[in-house]
Each structure stands twice: as structure tokens, then as C-alpha cells.
4 protein chains.
Amino acid sequence: MIPEQSPKARRIAGRKLKILDAAAAVFADKGYQRATTREIARVADVAEGTIYNYFGNKQGLLLGILQQIVAETGDSIAAIEADDVASLVEQALEARLALSKKHRMLLTFLHEARLNPEVLTFYTTHLRDHLLEVMTERITILHQLGIMRPADARLVARIFLAIVIGFGVQFELGDDAFLAEETPAALARGITDVLLNGLQKPPVGENT
Amino acid sequence: MIPEQSPKARRIAGRKLKILDAAAAVFADKGYQRATTREIARVADVAEGTIYNYFGNKQGLLLGILQQIVAETGDSIAAIEADDVASLVEQALEARLALSKKHRMLLTFLHEARLNPEVLTFYTTHLRDHLLEVMTERITILHQLGIMRPADARLVARIFLAIVIGFGVQFELGDDAFLAEETPAALARGITDVLLNGLQKPPVGENT
Amino acid sequence: MIPEQSPKARRIAGRKLKILDAAAAVFADKGYQRATTREIARVADVAEGTIYNYFGNKQGLLLGILQQIVAETGDSIAAIEADDVASLVEQALEARLALSKKHRMLLTFLHEARLNPEVLTFYTTHLRDHLLEVMTERITILHQLGIMRPADARLVARIFLAIVIGFGVQFELGDDAFLAEETPAALARGITDVLLNGLQKPPVGENT
Amino acid sequence: MIPEQSPKARRIAGRKLKILDAAAAVFADKGYQRATTREIARVADVAEGTIYNYFGNKQGLLLGILQQIVAETGDSIAAIEADDVASLVEQALEARLALSKKHRMLLTFLHEARLNPEVLTFYTTHLRDHLLEVMTERITILHQLGIMRPADARLVARIFLAIVIGFGVQFELGDDAFLAEETPAALARGITDVLLNGLQKPPVGENT
DNA sequence: GATGAATGAGCGTTCATTCAT
DNA sequence: TATGAATGAACGCTCATTCAT
């Protein structure tokens, strides 16, 4: 499974990772535009020129980080095993919110995707569409099982996406006492409750 | 009541607006960082120096645009008159989504707020907190009227905010066929339905 | 003697003076280059454009100030009446040092003269040469009277000039505790003593 | 003792010197403010950005030149060996006047020191105070040896400084036929004579 | 492969001067 | 005559990228 790596190959791979980590840290701090290759090199403890041995240009660093996050995230949603819908939704939301908090690069990514076709394509293809697809699939199944009422799966998927993005952005902007004191898990629970049961008082009976 | 404005005063006010409009257009196109005062001046059809007669620096343009949007938006939410909750929520959502679509600067604003304390303060104070407050108020009233079930008003307000931000971002990134063909009104209706009635099939009775 | 001035002419002359005073203040503070016509206008409480009704350009302000100082200084040296050399020299020195302290523009003038032929010509012609001439004359007379020993009058004049400039510069740079606590009069007395009697212990007799 | 310098290190040191020399030439020509980094780069035959690899900003160039001059000047005064006072004073004066003539930056330095606290500090600390100290020391010794009559050493030191500055300034302004035809040595001799023996005809005896 | 000095186009901003009002 | 908004060339400085070592 693990490819036999020569020490040299391993050293090289390590260096690439070190540069990516440095870039991620600097991008998270300064955003893409304001981050300088000089600072990334300093943080990675390599020379500026070395970066260009591994990445064609600054944008390559961004795409490299995206790739890493996609790989890391993997099929975490598909992998979720849950007995009931509430637990499923909750776990999925929690995982995404935790990711946002960890990388602190959501806004930089989205903003760069907005301005840069190549980054947009990567984001759209590898992150958004994948997410929408997986969610649409799950939702459709839940519809068919009669667990969910038949709303438009595409809309529901986009509502989920909006919530993940919206809370991710709010996390990154910080400065919100309420969000700061809630754990992602607790938030996910609260959001899940609203999404599944709605805000309206049921006409007669009780909910859950 | 309306002050008689001299032609000169009117010309000056017009010029300031022209510069702001140009800046808004260029920011929407290129983002804040990549936008140059050179291009803004060109689009506004003034000399570069003229910009600095009206705004202290580039950031002043950004804050000026924000101010304009805040003024324009006003208390549009508070002003909404609606007989039922669904209609209220729907109108509020629709207004916000339309704004996002019109200005196409949400991501640039949020991103800049993430990096720039002054912009963050403006955003937080004049936009986010105002929105959260108005919404929390409305929600609390609906709770008290027994129309809404008693969820945490602060969380609900943040869910609304997340949805507005999340859909605004998705609009701006474009490239989503589903969103492109839906009107803000239709989207707002769909989202409202999910938020009020929930996704789960009610145990026995009907919804709506 | 005083020309009949119409009120209008007086107002105009007053304005010109106000602008010159403002320019002198700003030049003394910021130097010529860093002084802006905007600030001068602000200090003079006129519009920027008004300056150009009275002076062709920024340099005109500098020459105008020089002219004013020359007029003010006038033939103050020639006017000095003194019984003995010591008193003469002392009064002349004191007057110059006081001027330096008052206007705080010596360095700015000299520096600008160094760079700007027109300013140099003015300075050379109206200030330096006049000073050298008056001094050379006085010195020659003192020689002839047998009061001074026969040194080269041109050199002696330049030594005086050097001392006036040198102390003026030291005043302007500030930061010298010794100079700060001495009055121009006391300094002039000390300098005069050295210049007249020399630093060397006389072979036999006493001095003064 | 002398470190073996790699060719690269030597090239780099050479470049830094080349930039400093270019800056000194342009500053001497245009003054500090009017000198542009563009022109300095052109004269040094490097790209504009290269300057900033060696100096943090334009002011760094000025301080770099000052440092160089200080280093070059070193303890030249302390190093002077002379049998008699006249020769000592003469050599010290001559050295300073020659420096002024060589660098042609005295006025620019002084003017900039007047306006810029950092430059003032450098000037005060490394040039003026050092000079005053060395001179005060020498003078005190001469007093104690009974060679000089007991004038205030602090005043005498400042008179020397004033003369050095005053003649330096007159050199730089040029346009003085008398100064142009005198060598620094001859001038120093003449000035020394005046300073040591005074201008006044001694009451009875002769001087030196 | 690693280095980091060199590059130079391009940035935000300033300010003396002009001129329509 | 007084105004001050408009101008635009020019400034100091940055930084992604290259390439000789």
C-alpha cells in the first residue's frame, strides 16, 4: 500500500508539505493577496526560490492547499454512519464547522475563487459540487424512505451548503460572543433541530 | 425642507457619487486588493488625485460604499409589514438575497473585514449587529405570541444570517445552474418553507 | 513718507503679509520642500488659489520672505554706534544670532540656495555680499586706525560670517544644553573676547 | 584576521558601496528630498528594488552615508600629532574643511537633521558630540599646560564647530571668489592665526 | 536541488498649479 | 479678487518571479 520511498523522495515530499503548511498558515493570517512568498519561505524555513521548485507560482500554493484539504476531508460525509436523520445531519454539520474553524481559510478561498477562474473551477468541482452531490443523494434517499417530506432536494442541499458557509464565515470573522462560547457540536445540534423540526409551533401535536 | 443646493454643490455631490459608483463597480469586479485607484479614476472619469479630494484613502472608498449600502438598506426589515410569519420571513430573505445579487460585493466586504480591523468594525457594528438585533427582537415576539416554538432566539438569528451570507456567497460565485434560474422570491419561499416547517415528515398530521 | 493707501490697497498689502507670515511659519517648521501650499493657505486663512494671486509660485514665497528679512534687517550693522571694537563686534554678533533664533529659517534658506540658482543669487547678492562688504569696510577702517592688527580683511569677514552661520545652525538644530542656557548677548560677549584677544596665553603681559 | 571573502560576498559588499556612492552623488547634487530613488538606482546601475535589498528605505541611504563618513573620519582629530598649538588647530581645521569640500553634503545633512529626528540623533550623537568632546578635552589640556588662556572650553569648542560648519556651508554654496582660490590649508592657517592671536593689536608687545 | 540577490512593473498617494465660478 | 475642486506627473516602495551560483 505504502509506496517504497527513497530517503530522498521522502525528504522532498516533506519539504513540499512544509511549504504548504507554511503557506496555509500565512494565507490564513493575511489572506492570499497580502501573503508574500517571502514570508511563506521564512515560515517554511526555505529560500524563496525553493518554493518555485515545488509550485509553479503563488496560485499553485493555494491549489495545493485546497487539494490537501479535499484529500483530508475525503468522503467524510459518505462515511458517516448514523441510525437516525438527526444524528446524520448533526455529524455532517459538525464536521464541516470544525473544518472551518481549523483551517481559517474559508473566506480567502471563496474570495479568491470569486476572482480567479482556475481557483473557482477547483473549488466548484472538487468541493461544492461534491458536497452538493453527496447531500442531494442522501436527501433523496431519505425522501424515498419517507423520513423526509418531499422538498426539492437541490434546494435543501443548497440550504445546507449555505449554512455551512454562513457559519464558517461567521466563525472566521470572529467577534461573536455567542458563537465563541458554543462548541461546534452544540451548534450543530441546535441547527439540526431547527432544520428538521422547523421554527413554527406545530398546529396541534408535539415535535420529537 | 430640502436645502436649495447650488449647482456647484450638486456637481460636487454628483462627483462623489460617481466615484463611489466607479469604486463599487471595480471592487465588485476585481475585489478590493486588486482594484487600483487608477482604474477607479478611469471608470469614474476623473483624475486620480480627485479621488483623494473626497476620500482619505482607498479604504475610505470601501467604507463609503458600505455606508451607502447601509443607508440604502435602512430599516427595510423593520419596515416589513406582514400578516403571517411565512410572509415576513420570506420578504426579509428576499430583500437580502436581492441586495447580494445587486451589489456583488459581499465576499469582498467579508474578506476585507476579516483582514482589516476598521472594516471589520464597520461591518460588525453597522451590518451584522443591526441585523442580529432586529431579527432577535422579531423572533422573541413571535415566541411570545406562541407562533414560534421556543428555540434559542440568538441561534435562530444566526441561522438566518448564515443563510443570507451563504446564499449571497453562492450567488456571487455563480456557476450554479439551479440558483441562476430561480428568482430570489422563489428561493426565499422555498427556504422559508424549510425553516418554518422543518425537513422531517411530521409524525402524523400534515404540514403547512 | 507713508504713501496714501486706499483701504483696498491696505487690505491687499495686509493679505500679502499674512500669506508671507504663514509661509515663514510653515517653512520654519517643515522646511521648504515639505511645506505644502495647502498648509500655508490654511495657516494664512486664505484659499490655495489666493496665494497665486500674490506670488507666482512657491519659490516666490521664499524670495518674498527673504526680501522681508533683508528689509527688516536693513543696515542694522551700519547703524551700530559703539565706542570700542569689543562693543561693536558684540552688538553685531548679537543682532545676527538673535535673527537666527527668531526666524528659524537659516538652514532652509541656505539649503534651498544650495539647490536653486535663483534663491542662491538672492541670498548671495542681498545677504552675504552685503554682509561681507559692510564688515570688510569696518575692518579696514579698524586696521587703518591701528586698532586691529593687519590681518586679511576678506578672511576676517568670512570668519565672522562663518561664526554667524555656524552658531545660527547650531541654534536651529537645538539639542545643545550649553547653547540653550546662554543668551545671545552672553554668547556674543564670549565669542568677541576670543576673536579679539585670541586663545593663546600672551607671552608676557595680560589681556583685557 | 581578514576573513576570506567569497567572491559572492565581495560582489555584494561592492554593490552596497556602489549604491551608497550613487546615493551620495545624487544627494550632493539634488539634496535629500529632491533626490529620487529612481535616479540613485540609475546612477548605481541597479534596479530600483535592489536598493531596498540593502537599505530599508531612502532614509537608510542617508544614514548609511553618514556612517561611512563617520567611519572614514574616525579619530582623525585624536590622531593628530603636533608640536605646537598652531599646528594642531591648523591640521584639525584643514581636515574638516577638506571633508566638507569632498562630500558636499553638509547642508543636506544639517537640513535633514533639522527636520528628521532620526537623522538629528545620528548627527548629534556621532558627529557633533564626538567632535565637541574631543575638542573640549584638547582645550582643557592646553589650559592646564598654560598654553591657552582660561576661556570656557565649552564655548571655545562651539566656536571651532561654528567655524567648521560656517566655512563648510560657504564652500558648498560656492560663488565666493576668495574662498575658491584659497586652499583649505591656507585658510586653516589664516583662521588659526586669528583664533590664537586675536584680532586686536596687542597693547604693547608683539605676538608670535 | 537549494539559494537569495536582482529585477521592474505597478501600486497608493501627494501636491504645486490651474481655472471656472 | 477669492475660491477650492481638479489635475496628473512623479514619488517611495513592494513583491512575484528568475537565474547564476
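Quick caveat: nothing in here was measured; it's all calculated off a predicted structure. Labels below follow one simple rule: chain letters A, B, ... track the order of the sequence lines, proteins then strands, and each chain is numbered from 1.
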Undergrad: Between the side chains of Lys30(C) and Glu39(C), is the shortest nitrogen-to-carboxylate-oxygen separation below 4.0 Å, so that they form an ion pair?
TA: yes

Undergrad: Can you check whether any acceptor in the base of dG10(E) is under 3.5 Å from a donor in the side chain of Arg38(D), or vice versa?
TA: yes

Undergrad: Within a 6.0 Å radius of atom CZ on Arg34(C), are there more than 12 heavy atoms belonging to other residues, nucleotides or ligands?
TA: yes

Undergrad: Should the pair Glu172(A)-Arg114(B) be classified as a salt bridge under the 4.0 Å nitrogen-to-oxygen rule?
TA: yes

Undergrad: In whole Å, I'd like the distance from the CD atom of Gln59(C) to the C1' atom of dA16(E).
TA: 13 Å

Undergrad: Is there a side-chain polar atom (N or O) of Thr37(A) under 4.0 Å from OP1 or OP2 of dC15(F)?
TA: no

Undergrad: Output yes when at least one side-chain N/O atom of Arg34(B) is less than 4.0 Å from OP1 or OP2 of dG10(E), else no.
TA: no

Undergrad: Measure the distance from NZ on Lys30(C) to P on dA16(E) and round it to the nearest whole Å.
TA: 11 Å

Undergrad: Hey, does Ala41(B) reach any base, or is it just sugar-phosphate, or nothing, if we go heavy atoms under 4.0 Å?
TA: nothing

Undergrad: Distance check: side-chain N/O of Thr50(B) vs OP1/OP2 of dA5(F), anything under 4.0 Å?
TA: no

Undergrad: Let me spell it out: for each of Arg15(A) and Ile51(D), pick the nucleotide of DNA chain E with the closest heavy atom. Which residue's pick is nearer the 5' end?
TA: Arg15(A)

Undergrad: Looking at Arg42(C), I'd like to know whether one of its side-chain N or O atoms comes within less than 4.0 Å of OP1 or OP2 on dT3(F).
TA: no

Undergrad: Start at the 5' end of DNA chain F and walk down; is the nucleotide closest to Gly56(D) or to Glu48(B) reached first?
TA: Glu48(B)

Undergrad: In whole angstroms, how far is the P atom of dA5(F) from the OH atom of Tyr52(B)?
TA: 18 Å

Undergrad: Does Lys16(D) make a cation-pi contact with Phe55(D), if we ask for NZ or CZ under 6.0 Å from the ring centre and within 45° of the axis?
TA: yes

Undergrad: When you check the phosphate oxygens OP1 and OP2 of dA2(F), does a side-chain N or O of Asn53(C) lie under 4.0 Å from one of them?
TA: yes

Undergrad: Output the pairing pattern of DNA chain E as a dot-bracket string, 5' first, Watson-Crick or G-U wobble with both distances under 3.5 Å, | for cross-strand pairs, [ ] for crossing pairs.
TA: .||||||||||||||||||||

Undergrad: Is Tyr54(C) close enough to dA2(F) that one of its side-chain N or O atoms is under 4.0 Å from OP1 or OP2 there?
TA: yes

